[in-house]
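To keep things clear, I will list the structure first and then write my remarks on it.
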Amino acid sequence: MTYATHVLRHSKKIRSSSNLLRHDSLRWFSNGTRPSVEKGDDILRCQSGFNRCNSDSAVSNNSCRAVSPTMSCVATYNGNALRAAIAPSASTASMAFMRGSQVPSRRCFSTASDFPPHQEIGMPSLSPTMTEGNIARWLKKEGDKVSPGEVLCEVETDKATVEMECMEEGYLAKILRGDGASSIKVGEVIAITVEEEDDIAKFKDYQPSTSDATPSPKAPPPPTPSKEEVAEKPVTPSEPKVSKPSAPPADRIFASPLARKIAEDHNIPLSNIKGTGPEGRIVKADIEDYLASRGKEAPAAAPKAEESLDYTDIPVSQIRKVTASRLLLSKQTIPHYYLTVDACVDKLMELRSQLNSLQEASGGKKLSVNDLVIKAAALALRKVPQCNSSWTNDYIRQYHNININVAVQTDNGLYVPVVRDADKKGLSTIAEEVKNLAQKAKENSLKPQDYEGGTFTVSNLGGPFGIKQFCAIINPPQSAILAVGSAERRVIPGSGQDQYTLASMMSVTLSCDHRVIDGAIGAQWLKAFKGYIETPESMLL
């Protein structure tokens with residue numbers, strides 16, 4: 001009964017220990033009585049010589065590794081770490097009181113005591129599809145003072161080159177990935193900043209920590225057999241080893257010294273000659289007979305050495321990588337089908353010339369055929385909204401905004417800037433936006449808002465390149481893309497017999513995602529689009 005009372009009294013103390021752990025003060029615990037607490041509690045955890053804490057990184061897990069015979073302790077408060085070292089003679093049962101306000105608030109602490117508080121700047125994710133990026137150039141140098149809002153560097157994303165701004169005031173202590181660094185994963189450390197200018201020199205040889213990966217567990221040793229298993233194995237008497245004379249290797253060729261000398265002078269492999277001497281030995285007569293028989297044969301033409309190809313390896317830009325991966329994914333996962341129609345553009349050309357005369361008089365920019373195509377496509381999407389959708393695994397998302405992406409080819413790759421709410425904008429506004437976006441794309445200065453959020457894409461290879469007709473690949477997550485060919489003069493049969501007329505016809509091909517757009521729906525959209533092209537006055541209503 002006495003033991004039961006003793007156990008019950010101690011169990012009550014253990015239950016109430018959680019209240020003591022959350023007190024403002026910090027307590028010291030010995031190895032034997034150290035409780036386990038969650039991350040964020042204000043407790044000073046200690047371990048004596050060479051005992052390892054929960055993690056090697058004091059930055060993320062607020063813990064450390066003891067590497068000296070002294071006792072190494074880490075105090076954690078609000079995600080920050082404070083190091084302390086106590087001599088072995090210090091009592092582990094003594095009390096230490098430390099207020100949280102005395103612990104400075106730092107973004108990041110190094111695991112090595114040589115480095116002062118610092119902030120690690122990682123590669124940011126500047127677009128929804130970005131997994132890695134390149135450093136185009138640094139606008140700040142090591143040792144420069146940086147302030148919030150200042151541009152640190154230019155980052156080449158999967159879409160464009162974007163300026164990365166500084167978020168906090170300090171000094172750029174170390175640049176880990178310099179100008180032109182490529183294939184940097186999102187989150188990978190690219191630079192270090194500090195708050196004090198005197199701390200810059202301490203990061204001259206700084207390298208980011210790579211101790212996050214935990215060592216793989218060693219394979220367990222094979223189980224040792226028990227004594228019974230050893231006893232059960234019969235002991236076989238060892239047979240006496242008898243040395244046998246080693247046989248000559250089968251591939252050895254026997255030849256006389258004179259025969260070998262003649263064969264070497266004439267570059268004749270002995271394996272091609274059959275010996276007629278004792279036990280197949282090759283003699284001088286065999287070599288002479290071989291030379292005589294080879295002289296009678298017509299000398300075979302020596303194969304020409306394969307000419308080496310002359311080539312140049314062109315580095316792949318970030319946008320080229322992303323374009324390749326996304327279009328490959330589109331072609332492999334989206335069930336494409338294609339619908340082609342020819343539209344007469346005579347009235348469209350006449351309207352364009354009239355509107356351009358008005359534009360010149362008012363000082364506006366000229367309209368291109370592509371601007372009229374974008375407007376017609378947007379209005380057709382308003383009539384057939386099923387084509388303004390995207391596929392998800394659980395539902396089809398139909399967009400209420402009609403944002404048209406326009407394919408623009410540049411030296412760096414293919415860009416698709418977006419014209420937002422194209423169905424609500426006038427032709428002059430669309431023309432101005434397209435020209436400005438195309439110029440930004442060629443200068444590689446597009447912002448994320450310039451190319452994100454498109455619901456439909458138009459690709460025109462007819463006007464610039466004279467391509468008659470082609471099939472475009474859908475730009476995911478969209479469900480359709482319109483490929484526009486060139487306009488050409490054709491002979492069109494008239495209403496009566498032997499009556500013919502000439503007309504300018506333009507071929508357009510709609511690539512559709514069959515999961516979202518059925519064939520009849522795609523045909524309805526093309527019918528509406530053709531109506532706007534052949535009667536362009538209706539677009540102005």
Side-chain angles (χ1 to χ4, degrees), residues 39-40 42 44-45 53-68 72-85 98-126 132-156 162-182 184-213:
K39 181 170 60 179
D42 298 341
L44 190 62
R45 296 177 294 179
C53 297
N54 296 331
S55 172
D56 294 342
S57 174
V59 176
S60 56
N61 295 326
N62 306 323
S63 58
C64 71
R65 179 186 295 179
V67 294
S68 65
S72 177
C73 307
V74 172
T76 61
Y77 181 81
N78 292 339
N80 298 317
L82 180 65
R83 301 177 179 276
M98 298 177 62
R99 289 294 176 184
S101 59
Q102 296 174 348
V103 181
S105 177
R106 303 296 184 194
R107 278 294 185 90
C108 183
F109 280 77
S110 174
T111 55
S113 60
D114 298 339
F115 297 112
H118 60 279
Q119 180 180 355
E120 294 181 345
I121 300 177
M123 171 62 70
S125 179
L126 301 174
E132 59 182 24
N134 304 335
I135 300 294
R137 64 187 181 110
W138 283 91
L139 302 180
K140 294 289 185 179
K141 303 187 296 295
E142 292 183 358
D144 289 354
K145 185 176 181 179
V146 293
S147 301
E150 290 186 347
V151 179
L152 286 177
C153 63
E154 293 180 353
V155 177
E156 181 184 349
V162 183
E163 295 177 344
M164 190 179 80
E165 297 180 352
C166 181
M167 303 301 295
E168 295 184 3
E169 186 175 0
Y171 295 88
L172 185 59
K174 181 70 174 179
I175 296 177
L176 298 174
R177 305 301 295 267
D179 295 348
S182 59
I184 306 174
K185 300 295 183 182
V186 170
E188 184 177 342
V189 181
I190 60 175
I192 301 295
T193 60
V194 294
E195 292 186 355
E196 303 296 335
E197 186 175 6
D198 297 337
D199 297 335
I200 296 176
K202 299 179 181 179
F203 289 87
K204 181 179 180 181
D205 300 325
Y206 178 85
Q207 293 295 332
S209 175
T210 57
S211 59
D212 296 338

Report the C-alpha separation of Ile192 and Glu120 in whole Å, then their side-chain angles, then the decisive distance to 0.1 Å, and conclude whether the side-chain contact (heavy atoms from CB on, under 4.5 Å) test is met. CA-CA 5 Å; Ile192 301 295; Glu120 294 181 345; 3.4 Å; yes
Report all side-chain donor-acceptor pairs from residues 172-180 shorter than 3.5 Å, counting only partners two or more places apart or in another chain.
residue: Lys174; atom: NZ; partner: Lys204; partner atom: O; Å: 2.8
residue: Arg177; atom: NH1; partner: Glu188; partner atom: OE2; Å: 2.5
residue: Asp179; atom: OD1; partner: Trp138; partner atom: N; Å: 2.8

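Here the straight-line distance linking atom CG of Leu152 with atom CD of Glu154 works out to 11.5 Å at 0.5 Å rounding.
In this structure, the side chains of Val146 and Lys140 come closer than 4.5 Å at one or more pairs of heavy atoms. Met164 is listed as a side-chain neighbour of Ile190, based on a closest heavy-atom distance under 4.5 Å.
When every heavy atom of Lys185 is checked against every heavy atom of Met123, the shortest pair comes out as O-CB, 3.4 Å. Closest heavy-atom contact between Ile135 and Cys153: CD1-SG, 4.3 Å. Scanning all heavy atoms of the two residues, the minimum distance from Cys166 to Ser147 falls at CB-O, 3.6 Å.
The salt bridge (Lys or Arg N to Asp or Glu O under 4.0 Å) with Lys145 is formed by just one residue from the set Glu169, Glu196, Glu197; it is Glu169.
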